[in-house]
Amino acid sequence: MPVKKKRKSSASEEMNLKKCRISSYCRSQAPSKIINGEDLFSSKKCLAWFYEYAGPDEIVGPEAMEKFCEDIGVEPENIIMLVLAWKLEAENMGFFTKEEWLKGMTSLQSDCTEKLQSKFDFLRAQLNDITAFKNIYRYAFDFARDKDQRSLDIDTAKSMLALLLGRTWPLFSVFYQYLEQSKYRVMNKDQWYNVLEFSRTVHADLSNYDEDGAWPVLLDEFVEWQKVRQSL
């Protein structure tokens with residue numbers, strides 16, 4: 001029986017085959033992301049979100065902030081950390097007045113709860129960066145003090161230090177006890193700045209503390225107080 005010869009493809013058939021292959025390849029590729037209008041930041045939407053919490057005075061007060069924290073899923077005692085990072089990111093602005101809210105949210109391109117929640121990792125990362133955290137720590141002094149005062153009252157200072165250094169400084173609990181029994185009723189900016197430097201450079205056993213260094217008296221007295229406790 002004679003072998004059947006393979007029929008040659010016509011030029012039109014080969015062209016159709018190429019088209020099929022090209023079409024198949026194109027369909028298998030991931031499509032380019034189309035920008036959805038809902039993904040774009042909207043100032044109008046952002047302000048509408050602001051008015052969900054703002055009172056008649058166009059300010060987000062303490063009770064409204066508590067509701068805001070609940071809606072975005074952040075404990076009220078932890079929001080201060082995000083606020084500090086947020087304020088710094090927004091050029092020392094916050095989100096309490098309408099103007100501050102809009103500036104802060106525009107900085108983060110967030111006009112709704114879901115978009116803000118997506119920025120939490122970024123804001124928390126600021127707290128883990130040494131330089132960024134130093135800026136946040138310093139900014140916290142002005143953020144927390146009464147605007148007509150140049151110093152922090154000691155109770156506010158203790159609360160802020162607990163938020164900022166409580167989980168990372170081995171000597172924090174000891175320093176907190178020292179402040180509670182000390183004569184100090186306020187903490188000035190120089191003392192505040194030096195507490196961070198002290199926490200970063202002085203060993204937990206105080207073995208490398210330089211008594212002749214340029215530390216404020218508050219820290220000299222803390223070291224003396226702690227050494228007396230250690231010797232008992």
Side-chain angles (χ1 to χ4, degrees), residues 30-147 152 155-169 172 192-193 196 199-200:
S32 299
K33 184 178 179 181
I34 299 175
I35 298 177
N36 191 320
E38 294 182 358
D39 293 335
L40 299 176
F41 177 80
S42 165
S43 297
K44 183 177 180 180
K45 184 178 177 182
C46 184
L47 287 177
W49 187 29
F50 167 77
Y51 283 115
E52 291 181 19
Y53 302 98
D57 56 358
E58 295 196 334
I59 291 178
V60 179
E63 291 184 6
M65 275 302 301
E66 192 170 332
K67 177 66 167 61
F68 177 71
C69 291
E70 180 182 334
D71 290 347
I72 65 174
V74 176
E75 294 295 328
E77 61 267 26
N78 293 331
I79 189 64
I80 195 72
M81 296 291 279
L82 293 178
V83 168
L84 290 171
W86 186 344
K87 277 176 168 279
L88 200 69
E89 175 65 17
E91 299 176 0
N92 290 352
M93 297 295 284
F95 56 91
F96 301 111
T97 67
K98 180 172 70 174
E99 292 75 17
E100 290 169 344
W101 175 289
L102 186 57
K103 188 172 180 68
M105 291 296 186
T106 301
S107 154
L108 294 173
Q109 290 292 284
S110 299
D111 54 19
C112 63
T113 298
E114 293 75 19
K115 288 183 183 178
L116 179 59
Q117 289 172 329
S118 72
K119 305 294 183 182
F120 283 176
D121 287 343
F122 164 75
L123 291 171
R124 291 190 179 102
Q126 303 300 296
L127 302 174
N128 296 324
D129 179 88
I130 292 176
T131 301
F133 181 80
K134 182 177 181 179
N135 291 332
I136 290 168
Y137 177 91
R138 291 190 167 200
Y139 177 66
F141 181 87
D142 291 321
F143 173 82
R145 69 179 172 83
D146 291 332
K147 300 313 174 187
L152 279 180
D155 288 334
T156 300
K158 289 187 297 184
S159 297
M160 291 300 294
L161 287 171
L163 284 169
L164 293 161
L165 301 179
R167 298 178 183 178
T168 57
W169 184 21
F172 172 75
W192 177 263
Y193 286 4
L196 176 62
S199 73
R200 287 181 167 180

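Atom set for the values below is all heavy atoms of this structure, side chains included, hydrogens, waters and symmetry mates excluded.
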>> Run Leu164 and Phe133 through side chain to side chain contact (heavy atoms under 4.5 Å, CB included) and show every step you take.
In response: CA-CA 9 Å; Leu164 293 161; Phe133 181 80; 4.1 Å; yes

>> Set out, in order, the CA-CA distance, both residues' side-chain angles and the distance that settles side chain to side chain contact (heavy atoms under 4.5 Å, CB included) for Leu161 and Phe172, then state yes or no.
In response: CA-CA 8 Å; Leu161 287 171; Phe172 172 75; 3.7 Å; yes

>> Any heavy-atom pair between the side chains of Trp192 and Met160 that's under 4.5 Å?
In response: yes

>> Which heavy atom of Val60 sits nearest to which heavy atom of Ala64, and what is that distance?
In response: CG1-CB, 3.8 Å

>> Nearest 0.5 Å, please: how far is SG in Cys46 from CD in Gln109?
In response: 9.5 Å

>> Checking Ser42 now: which residues fulfil side chain to side chain contact (heavy atoms under 4.5 Å, CB included) with it, not counting sequence neighbours?
In response: Lys44, Lys45, Asp111

>> When you measure from the side chain of Thr106 to the backbone of Leu102, do you find a donor-acceptor pair of N or O atoms at a distance under 3.5 Å?
In response: yes

> What distance separates Phe50 CZ from Glu100 CD, expressed to the nearest 0.5 Å?
Replying inline: 9.0 Å

>> Can you list everything that forms a side chain to side chain contact (heavy atoms under 4.5 Å, CB included) with Lys134? Sequence neighbours excluded, please.
In response: Arg138, Leu196, Arg200

> In chain order, what residues pass the side chain to side chain contact (heavy atoms under 4.5 Å, CB included) check against Thr168, with sequence neighbours excluded?
Replying inline: Leu165

>> Within this structure, what is the CZ-NZ distance for the pair Phe41 and Lys115, rounded to the nearest 0.5 Å?
In response: 8.0 Å

> Which of parallel (below 30°), tilted (30 to 60°) and perpendicular (above 60°) describes Phe68 and Trp49?
Replying inline: tilted

>> As an exercise, state the distance from CG of Asp142 to CG of Leu152, rounded to the nearest 0.5 Å.
In response: 8.5 Å

> With sequence neighbours left out, what residues match Ser110 under side chain to side chain donor-acceptor pair (under 3.5 Å)?
Replying inline: none

> Can you name the salt bridge (Lys or Arg N to Asp or Glu O under 4.0 Å) partners of Asp71, sequence neighbours left out?
Replying inline: Lys67

>> Once salt bridge (Lys or Arg N to Asp or Glu O under 4.0 Å) is applied, do any residues pair with Glu58, and if so which ones, sequence neighbours excluded?
In response: Lys98

